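Worksheet: one structure, shown below.
Treat the numbers as computed from the prediction; the structure is a model and nothing was measured.
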Amino acid sequence: MPGKKVWHRLLMHYQLWQRAAEQAARSLVDQVDVAHHVTFGNIFLRTFVTELPLPYLIGPVGGGQVPPVADALRLFGRSGDVHGALEVMRSVLVGPLGRRPAMKHRLSPAAAVLCANTQTLRIARRYQPRSELMIDGGIDLLPPGSPKRPSGRPIVIWVGKLEARKDPLAALDVAEALRKSLPSARLLIAGDGWLRTCVEQEVRKRSLTDTVELPGRVPHDQMEELYGSASLFLFTSLRDTFGVQNLEALTHGLPIVFRDSAGVAVGDFVGSAGVGVRGGVGWPADAARVIGRILQDRAEWEARSNAALAVAKGFTWAAKADRAVELYSQAIHARTQPTRG
């Protein structure tokens, strides 16, 4: 439901689904060897597999990542969106939530907990040392052909839902700063959401209509063309498990410039394909300088583009499935070993 605030209804539906899933799974336990719950995305939510008499895995899961309190407060002040207030609450509450007895009950018996960022991994390893990193997305194949550094007017692409934690207004801050240092650059913001009207108003207010393009919600089959026309990917999220947009950008050989703060997990996976710019009040200007440098330095752009493709090759669904099968085998083997007394 584009533009509608349905997250609370979705969460309620998910929690009710847990009960139905547990009942259905209990009828299957004699036919299977291991359970694996690919979660809604939050390590703090209950999972039905903990109630089954089977070895189980959880994840890939996020939820442990939080933005700095100062950044969350600044975000809420700018957007006035309920999600901005939620980021403030997360910054305060995630620490205590990670120490609840229910977390130990859920995670300690797990054969493995797959975590989509290091912040969540730290929480999981308090209770299950076998926890490991695994990206929360995947690809089938890389797009055909090799990326080429676009000639002419460079395009910086931003993709995501127009909501507070994605911070699309920060992308406009970067565009303003970039207009001064690299006037030929253009920012393309692809996505829709409840901040769309606010973003449109800000573009007009800042006289960015010649610099920023807002195509709105783009059908999936047209995203290939947008990524293919871009020179660089900009990721402004204040908090994100990882962000499948980053994986899409990697598969197209796009260098990534992202906000480097506690709530963002891009740096856990992208290697030299990405450049993290320290968050804070001055980060848009710093990000604009980094973007300008990469776009104008052919050698650096090509090196980061090649690195992006190399990273993406490690995130195929086949590779993830192979690792999951290894973990299943280990879980089953551990269960069948006799206990030494």
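Ring pair Phe315/Phe269 is perpendicular by interplanar angle, where above 60° counts as perpendicular and below 30° as parallel.
Residues His36 and Tyr56 place their aromatic rings such that the two centres sit no closer than 6.0 Å. Taking the ring centroids of Trp158 and Phe235, they lie at or beyond the 6.0 Å cut-off.
Salt-bridge annotation for Arg165 and Asp240: present, with a side-chain N of the basic residue lying under 4.0 Å from a carboxylate O of the acidic one. Between Lys166 and Glu163, no side-chain nitrogen of the basic residue sits less than 4.0 Å from a carboxylate oxygen of the acidic one, so the salt-bridge criterion is not met. In summary, Arg259 and Asp167 engage in a salt bridge, as defined by a charged side-chain N under 4.0 Å from a carboxylate O. Ionic pairing of Arg46 and Glu22 is present here: one or more N-O contacts between side-chain nitrogen and carboxylate oxygen are shorter than 4.0 angstrom. A salt bridge links Arg206 and Asp173; the closest N-O separation between the charged side-chain nitrogens and carboxylate oxygens is under 4.0 Å.
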### Message
Please determine whether salt bridge (Lys or Arg N to Asp or Glu O under 4.0 Å) holds for the pair Arg26 and Glu51, giving the CA-CA distance in whole Å, both sets of side-chain angles, and the decisive distance to 0.1 Å.
### Response
CA-CA 9 Å; Arg26 284 192 179 279; Glu51 308 304 321; 5.0 Å; no

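With rounding to the nearest 0.5 angstrom, the CD atom of Gln128 is 11.0 Å from the CG atom of Leu121. Here Gln296 contributes atom CD and Ser181 contributes atom OG; the two are 7.5 Å apart, rounded to the nearest 0.5 Å. With rounding to the nearest 0.5 angstrom, the OG atom of Ser131 is 7.0 Å from the CG atom of Leu107. Taking CG of Leu327 as the reference point, atom CG of Leu57 lies at 5.5 Å (rounded to 0.5 Å). In this structure, the separation between CG on Asp268 and OG1 on Thr120 is 9.0 Å, given to the nearest 0.5 Å. If you take OG1 on Thr50 and CD on Gln18, they are separated by 8.5 Å, rounding to the nearest 0.5 Å.
Side-chain contact between Arg125 and Arg122 is absent, with no heavy-atom pair separated by less than 4.5 Å. Side-chain contact between Leu169 and Leu195 is absent, with no heavy-atom pair separated by less than 4.5 Å. The shortest distance between side-chain heavy atoms of Leu226 and Ile157 falls below 4.5 Å. The closest side-chain heavy-atom distance from Val61 to Val113 is below 4.5 Å. A 4.5 Å side-chain heavy-atom check between Ile291 and Leu182 finds every atom pair outside the cut-off. Looking at heavy atoms from C-beta onward, Leu52 lies in side-chain contact with Phe48 at the 4.5 angstrom threshold. Using a 4.5 Å heavy-atom threshold, the side chains of Pro60 and Cys115 count as separate. When side chains are defined from C-beta on, Phe258 does not count as touching Val275, because their heavy atoms never get closer than 4.5 Å.
Of the options Asp192, Val212, Leu172, a side chain to side chain contact (heavy atoms under 4.5 Å, CB included) to Val199 is made by Leu172 and by none of the others.
Connection of Val244 to Leu133 is not established within any shared hydrophobic cluster, with ILVMFWY side chains joined at heavy-atom distances below 4.5 Å, either directly or through further cluster members. Val32 and Ile58 fall within a single hydrophobic cluster, where Ile, Leu, Val, Met, Phe, Trp and Tyr are joined by side-chain heavy atoms under 4.5 Å apart, directly or via other members. Under the 4.5 Å side-chain contact rule for hydrophobic residues, Leu232 and Leu208 share a cluster. At a threshold of 4.5 Å between side-chain heavy atoms, the hydrophobic network of Ile, Leu, Val, Met, Phe, Trp and Tyr places Tyr328 and Leu114 in one connected group. No path of Ile, Leu, Val, Met, Phe, Trp and Tyr side chains, each step under 4.5 Å between heavy atoms, connects Val49 with Leu28, placing them in separate hydrophobic clusters.
No more than 12 heavy atoms of other residues, nucleotides or ligands sit less than 6.0 Å from atom CZ of Arg19. More than 12 heavy-atom neighbours from other residues, nucleotides or ligands sit within 6.0 angstrom of CD on Gln222. Dense packing is recorded around CG of Asp322, with more than 12 heavy atoms of other residues, nucleotides or ligands lying under 6.0 Å away.
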Identify all side-chain donor-acceptor contacts of residues 276-290 below 3.5 Å with residues at least two apart in sequence or on another chain.
| from | atom 1 | to | atom 2 | distance (Å) |
| --- | --- | --- | --- | --- |
| Asp286 | OD1 | Arg289 | NH2 | 2.0 |

Below 3.5 Å, can you tabulate the donor-acceptor pairs from side chains in residues 245-256 to any protein atom, sequence neighbours excluded?
| from | atom 1 | to | atom 2 | distance (Å) |
| --- | --- | --- | --- | --- |
| Gln245 | NE2 | Val159 | O | 3.0 |
| Asn246 | ND2 | Phe242 | O | 3.2 |
| Asn246 | ND2 | Gly243 | O | 3.3 |
| Glu248 | OE1 | Tyr227 | OH | 2.5 |
| Thr251 | OG1 | Glu248 | O | 2.7 |
| His252 | ND1 | Glu248 | O | 2.9 |
| His252 | NE2 | Glu224 | OE1 | 3.0 |

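What you find for Glu300 and Ile294 is that their closest heavy atoms are OE2-CG1, 3.5 Å. Nearest approach of Gln65 to Gly62, heavy atoms of both residues: OE1-C, 3.9 Å.
With Arg130 contributing its side chain and Ala111 its backbone, the two residues share a donor-acceptor pair below 3.5 Å.
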